[in-house]
2 protein chains.
Amino acid sequence: MAGTAGRGAERGTVDRILDTAEVLFAQKGFAETSLRAITSKAGVNLAAVNYHFGSKEALIQAVFERFLDPFCARLDGLLTELESNSGSVTLERLLATLSQSALAVQKGEPHRVAIFFRLSGLAYSQAQGHLRRFFREHYGEVFRRFLEQLALAVPEVPPMEMFWRVHFALGATIFTLSGMDPLRAICRSDFAVEVLPQQVEERLLAFLAGGIRAQLPAS
Amino acid sequence: MAGTAGRGAERGTVDRILDTAEVLFAQKGFAETSLRAITSKAGVNLAAVNYHFGSKEALIQAVFERFLDPFCARLDGLLTELESNSGSVTLERLLATLSQSALAVQKGEPHRVAIFFRLSGLAYSQAQGHLRRFFREHYGEVFRRFLEQLALAVPEVPPMEMFWRVHFALGATIFTLSGMDPLRAICRSDFAVEVLPQQVEERLLAFLAGGIRAQLPAS
DNA sequence: ATGCGTTTCAAACGTTTGTTTGGGAGGCAC
DNA sequence: GTGCCTCCCAAACAAACGTTTGAAACGCAT
């Protein structure tokens, strides 16, 4: 076992593995991506993965940590900022905060946003146990605080109704953004229009706000 | 190779394989489910899969066909019914039609609805090529007709905007319903309330209608 | 009973998988 | 130099995978 961070000098083995793994995982899924595919494309030895990370499972978790740690740190900061200006948080502002946190952590590489959500979608549908637990333990607290602010912003929606609507919104986000590139390609061929990721984000936020504020069902 | 349908008498090998495969695929994903796991749990010989279906890929497609063929047939019928009553289709009615089609094809086994959507989600995120093509070729036409009716029901949303909102809605649906059971469990422990699948459906439809009709973004 | 097509079976096939091994560079302390 | 620790490498490992094989068992018409 060794330190999990590159020593700061030139791009080291650990980072080359993580960079390649996140792309391949996003393209083909976890089980469908072999360590040999990762290591050969990264230009490192096959044994390097088990040496630096311990196992394939640990590598998968490391890939997520590199995404989620800065994301949650950023979100955490923005949330405390919002909490200090008490009372005046709108739903739109809250959603924008969320997407800002996601965008901010990908410095200069917008295509990594798609990878980020693609991986999240895979984690949600493929995670048998170890990833689910990992998420809840590491990032559950920030999520709970976000829900608190959300209840404050939209008090007319009762808690349990909000619980479900948050998951509907989560689904729409992950699902769409994980297939962002193919969808933009369809849009290009069917409507002859080039749609920027930022415009997709605007559209999505409008949709989510409408859904969360929707009229309550009869029951 | 042989006929792909059981001969009508008692539950045959082919059906036992399909029944087991759909459950295991939904639980663990396609790549993570081995033919040995399927055949041993189904109580049939390992070679039976390759004998009756030809390959694992063909088995996956067969599982989807058993779900989607009746679903699309049902949806197709309901659509032509709506098309005859020209002009007066509301968005809510259209969404209800969709969910009716999904519910109707699972006679007496409501838990299969969850499996159905879980598989759809997996197909969307794991499909590398063969499944995507398969869907587009077999069920693209019905989908196009549904979009047509949708544009008629909500004319204030321009086509391209609607394109994105449909995929947002698709994401919310597949994502949530594929994780329906775990979410209901959380709801039970956090709110001490038992939520029926039908109530989830009502909530989802309200959310989707709100999102699709949401105010258009500034851009 | 004989023959034929269909289905089942245990066993083996060749690959590919994640992981482990033992040795050998390279850098730094002493 | 000698030791020591970190890292890299080619090779091998055992296990699991999808698929194929050839023979046995079945159903059914003749």
Side-chain angles (χ1 to χ4, degrees), chain A residues 1-22 24-25 27-64 122 126-131 134, chain B residues 1-22 24-25 27-64 122 126-131 134:
Chain A
M1 198 77 59
T4 56
R7 270 223 238 57
E10 48 176 345
R11 207 124 196 95
T13 304
V14 171
D15 288 301
R16 274 216 305 280
I17 292 176
L18 286 173
D19 288 340
T20 312
E22 85 180 15
L24 290 184
F25 282 153
Q27 278 179 357
K28 317 184 48 168
F30 301 121
E32 294 87 346
T33 302
S34 67
L35 293 186
R36 284 172 174 81
I38 296 172
T39 52
S40 71
K41 186 161 190 176
V44 305
N45 189 271
L46 167 63
V49 170
N50 284 279
Y51 176 75
H52 286 286
F53 298 94
S55 69
K56 187 182 182 182
E57 269 200 1
L59 170 63
I60 295 176
Q61 288 191 4
V63 168
F64 275 102
L122 281 175
Q126 295 195 348
Q128 266 308 68
H130 75 106
L131 267 181
F134 176 76
Chain B
M1 198 76 59
T4 55
R7 270 223 240 56
E10 47 175 345
R11 208 125 198 95
T13 304
V14 172
D15 289 301
R16 274 216 305 279
I17 292 176
L18 286 174
D19 288 340
T20 313
E22 86 180 12
L24 290 184
F25 282 152
Q27 278 178 357
K28 315 184 48 168
F30 302 122
E32 295 87 344
T33 303
S34 67
L35 294 185
R36 284 173 172 82
I38 296 173
T39 52
S40 72
K41 186 161 189 175
V44 304
N45 189 270
L46 168 63
V49 170
N50 284 278
Y51 175 76
H52 286 287
F53 298 93
S55 68
K56 187 183 182 181
E57 270 200 2
L59 170 63
I60 295 175
Q61 288 191 3
V63 167
F64 276 101
L122 281 175
Q126 294 195 352
Q128 266 310 67
H130 76 105
L131 266 181
F134 176 75

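These numbers come from a predicted model, not from an experiment. Each chain gets a letter, A, B and so on, in the order its sequence line appears, and its residues count up from 1. Scope of the values below: all heavy atoms of this structure, side chains included, with no hydrogens, waters or symmetry mates.
Taken from CD1 in A/Ile38 to CG in A/Asp19, the straight-line distance is 12.0 Å, to the nearest 0.5 Å. The CZ atom of B/Phe25 sits 10.5 Å away from atom OG1 of B/Thr20, with the distance rounded to the nearest 0.5 Å. With rounding to the nearest 0.5 angstrom, the CZ atom of B/Phe53 is 10.5 Å from the CG atom of B/Leu35.
Not one side-chain nitrogen or oxygen of B/Asn50 sits closer than 4.0 Å to the OP1 or OP2 atom of D/dG18. Neither OP1 nor OP2 of C/dT16 sits under 4.0 Å from any side-chain N or O of A/Ser34. In terms of phosphate contacts, B/His52 brings a side-chain nitrogen or oxygen within less than 4.0 Å of OP1 or OP2 of C/dT8. Between A/Thr13 and D/dC7 there is no side-chain polar atom (N or O) within less than 4.0 angstrom of OP1 or OP2.
In this structure, B/Glu32 atom CD and D/dG18 atom P are separated by 11 Å, rounded to whole Å. The OH atom of B/Tyr51 sits 14 Å away from the C1' atom of D/dA23 (whole-angstrom rounding). A straight line from NZ of A/Lys56 to C1' of C/dT16 spans 11 Å, rounded to a whole angstrom. If you take CZ of A/Phe30 and C1' of C/dT17, they are 18 Å apart, rounded to a whole angstrom. At whole-Å resolution of the value, CG in B/Leu24 and P in D/dC17 are 12 Å apart. Between the CZ atom of B/Phe53 and the P atom of D/dT20 there is a distance of 16 Å, rounded to whole Å. Atom C1' of nucleotide C/dT17 and atom NZ of A/Lys28 are separated by 13 Å, given to the nearest angstrom. Straight-line distance from the CG atom of A/Leu35 to the P atom of D/dA16: 17 Å, rounded to whole Å.
Between A/Leu59 and A/Leu18 there is a side-chain heavy-atom pair separated by less than 4.5 Å. Side-chain atoms of A/Lys56 and A/Val49, non-hydrogen and from C-beta on, never get closer than 4.5 Å to each other.
Nearer to the 5' terminus of DNA chain D, by closest-nucleotide assignment, is the contact made by A/Asn45 (compared with the other of A/Arg36 and A/Asn45). Ranked by how close their nearest DNA chain C nucleotide is to the 5' end, B/Ala47 and A/Glu57 are led by B/Ala47. Across the interface with DNA chain C, nearest-nucleotide mapping of B/Leu46 and A/Leu46 shows B/Leu46 to be the residue nearer the 5′ end.
Residue A/Thr33 is in sugar-phosphate contact alone, with no base atom involved, counting any heavy-atom pair closer than 4.0 Å across all strands shown.
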